[in-house]
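Heads up: the structure comes next, in structure tokens.
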Amino acid sequence: MADHASLDASHSTAGEAPRISFVSLGCPKALVDSERIVTRLRAEGYELSRQHEGADLVIVNTCGFLDSAKAESLAAIGDALKENGKVIVTGCMGAEPEQIRNVHPGVLAVTGPQQYESVVNAVHAAVPPRHDPFLDLVPPQGVKLTPRHYAYLKISEGCNNRCTFCIIPKLRGDLVSRPASEVLREAEKLVNAGVKELLVISQDTSAYGVDLKYAESQWKDRQVRARFLDLSRELGSLGAWVRMHYVYPYPHVDEVIGLMADGVILPYLDIPFQHASPTVLKRMKRPAAQEKTLARVQAWRAACPDLTLRSTFIVGFPGETEAEFEELVAFLEEAELDRVGCFKYEPVAGAPANDLGVAVPDEVKQERWNRFMEVQQRVSARRLKRKVGTRQQVIIDSVGLTVAIGRSKADAPEIDGVVHVASRRPLRVGEIATVKIERADAYDLHGTAVGF
Ligand code: SF4
């Protein structure tokens with residue numbers, strides 16, 4: 001995912017403010033980092049430029065997770081150097097600056113992930129800020145690179161797990177959770193500014209607060225523990241949709257399903273299982289690998305029948321046998337997950353997984369991926385079809401001449417499907433309408449607005 005920073009013209013100030021062009025690559029967590037940097041720079045009077053050309057400086061927030069993401073980051077840096085010449089690099093790839101400097105010795109500075117201060121200092125050194133406290137107006141909730149009606153809310157940085165295919169803990173360090181009161185304050189500001197949907201993200205959302213020993217902090221008239229359940233309940237009380245991403249199937253997640261059944265937070269879990277064979281999961285060193293996942297999924301569905309489950313999987317992990325792959329396919333058939341992404345294993349430089357077994361040949365990876373997708377597409381289509389004839393609440397993301405595009409409670413932005421909504425009156429972006437679902441195709445739903 002790549003986003004060029006863009007800022008509503010109404011935020012721009014006239015005059016000679018230095019202009020920064022910003023490229024944000026990678027996952028939603030990186031996008032949140034980008035928003036923080038941009039908010040800070042806007043507060044200091046910098047303006048954003050939609051193009052590298054003519055800007056005073058370019059910042060590239062990189063992704064260093066997979067080799068393909070690194071290549072994309074290096075290409076983005078190359079483009080910025082060509083089109084502008086003054087480039088600062090930050091983000092995951094910045095944790096290993098030599099990888100960048102070897103290819104692009106001309107970059108002005110390289111800083112690592114979450115090093116907001118270092119990025120800002122590098123910007124100051126390259127293009128000093130213009131001080132004008134009266135013109136440097138920033139909305140109190142900060143500048144968001146996502147549309148105004150939804151926002152990502154990062155509750156922690158880093159990760160205590162050591163999945164063997166992943167170098168994120170090496171890049172971002174161990175889990176550091178934000179106190180509950182700080183998260184809630186940010187969430188409340190966003191809701192007050194018009195945000196209708198909060199997307200909770202971290203590397204491991206279910207581990208929230210472990211590092212803080214679940215410490216309480218003062219929020220309004222009460223103490224709130226830094227615990228997944230407590231934070232979810234409080235976020236759910238703010239009046240926005242709350243969607244949980246990157247949760248692992250630990251036993252304590254069961255408690256949160258109760259909040260979903262009661263309508264406090266959205267009945268949606270983004271839960272990256274990555275595999276279903278116990279032996280592969282063990283080699284992957286996945287969190288909660290010992291849990292009886294299928295039984296847990298079934299119990300969640302019984303407690304919250306509307307629950308939507310999204311997940312991602314890796315096929316062709318080193319040493320994956322045909323029998324292990326078949327265990328995965330059997331799981332897909334039985335678990336009936338709603339939305340699923342599948343990746344062919346790609347070796348990540350520095351990840352222990354590369355030495356864990358014989359590499360699966362590319363053609364076998366491809367063949368397994370095809371079989372996986374075939375099974376899952378059938379399952380997903382079947383799940384989606386069950387919605388035909390129901391009424392769903394749909395949040396509107398964009399409006400066209402005759403049809404608006406929105407998402408039901410089952411659809412996260414950018415990764416899931418959409419709902420095409422016909423309406424007898426124009427709908428507004430951010431509005432939540434009741435939609436009668438008339439048709440389903442492979443990924444999306446189609447219907448008519450029947451309540452506003
Ligand atoms: S849970 Fe595993 S895959 Fe996710 S960030 Fe942590 S180590 Fe990486």
Side-chain angles (χ1 to χ4, degrees), residues 1 25-33 61-70 91-96 112-114 152-178 199-212 228 244-253 256 269-291 293 296 309-320 328 340-357 412 415:
M1 180 176 54
L25 298 160
C27 62
K29 295 174 274 276
L31 190 60
V32 172
D33 290 345
N61 190 1
T62 56
C63 175
F65 188 46
L66 291 173
D67 287 349
S68 51
K70 282 185 189 165
C92 281
M93 243 191 120
E96 291 168 281
Q114 297 129 42
Y152 293 97
L153 184 66
K154 186 143 87 169
I155 60 172
S156 60
E157 308 275 9
C159 183
N160 285 348
N161 302 311
R162 294 294 181 264
C163 302
T164 50
F165 56 82
C166 179
I167 51 164
I168 283 180
K170 204 162 112 195
L171 296 177
R172 302 204 150 210
D174 279 341
L175 180 77
V176 179
S177 304
R178 300 172 67 197
L199 303 138
V200 174
I201 55 166
S202 68
Q203 305 296 347
D204 178 357
T205 297
S206 28
Y208 172 68
V210 170
D211 55 310
L212 299 175
F228 184 34
M244 293 295 169
H245 288 279
Y246 314 112
V247 176
Y248 292 102
Y250 292 108
H252 72 273
V253 172
V256 176
L269 265 189
D270 175 4
I271 183 155
F273 291 122
Q274 308 299 19
H275 214 282
S277 152
T279 39
V280 177
L281 286 168
K282 209 160 156 222
R283 292 207 296 281
M284 287 179 164
K285 278 209 189 160
R286 288 296 287 166
Q290 309 309 323
E291 300 300 329
T293 306
R296 181 142 271 132
L309 288 167
R310 139 164 286 278
S311 192
T312 50
F313 292 87
I314 297 172
V315 294
F317 188 75
E320 183 189 62
L328 170 57
V340 170
C342 181
F343 301 95
K344 285 169 265 178
Y345 177 78
E346 243 189 75
V348 175
N354 305 331
D355 312 318
L356 282 181
I415 49 176

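All values below were derived from every heavy atom in this structure, side-chain atoms included, with hydrogens, water molecules and symmetry-related copies excluded. Numbers here are sequence positions counted from 1. Just so you know, ligand 1 is whichever comes first in the structure, and atom 1 is the first atom listed for that ligand.
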Inset, instruction - Give the residue, atom name and distance (to 0.1 Å) of the protein heavy atom nearest atom 4 (Fe) of ligand 1. - result: Tyr248 OH, 3.4 Å

Legend entry - Pick from Ser206, Gly158, Cys163: the one approaching atom 7 (S) of ligand 1 most closely through a non-hydrogen atom: Cys163

Legend entry - For atom 8 (Fe) of ligand 1, the protein heavy atom that lies nearest, with its residue and separation: Cys166 SG, 2.3 Å

Inset, instruction - Would you give the length of the straight line joining atom SG of Cys92 to atom CD1 of Ile167, rounded to the nearest 0.5 angstrom? - result: 8.0 Å

Inset, instruction - Calculate, to the nearest 0.5 Å, the distance between atoms CE and CG belonging to Met244 and Leu199 respectively. - result: 10.0 Å

Legend entry - Heavy atom of the protein closest to atom 3 (S) of ligand 1 (residue, atom name, distance): Arg286 NH1, 3.5 Å

Legend entry - Within reach of ligand 1, part of Asp204 (heavy-atom separation under 4.0 Å): neither

Legend entry - Side chain Ser311, main chain Val340, donor-acceptor under 3.5 Å: no

Inset, instruction - Looking only at protein heavy atoms, identify the closest one to atom 5 (S) of ligand 1 and say how far it is in Å. - result: Gln203 OE1, 3.7 Å

Inset, instruction - Identify, for atom 6 (Fe) of ligand 1, the protein heavy atom at the shortest distance, and state residue, atom and that distance. - result: Cys159 SG, 2.3 Å

Inset, instruction - Enumerate the atoms of ligand 1 whose separation from the nearest heavy atom of Pro169 is less than 4.0 angstrom. - result: 7 (S)

Legend entry - Euclidean distance, His275 NE2 relative to Phe317 CZ, rounded to 0.5 Å: 9.0 Å

Legend entry - Backbone of Cys159 reached by a side-chain donor or acceptor of Asp204 within 3.5 Å: no

Inset, instruction - Mark yes or no for whether Ser156, through its side chain, and Leu175, through its backbone, hold a donor-acceptor pair below 3.5 Å. - result: no

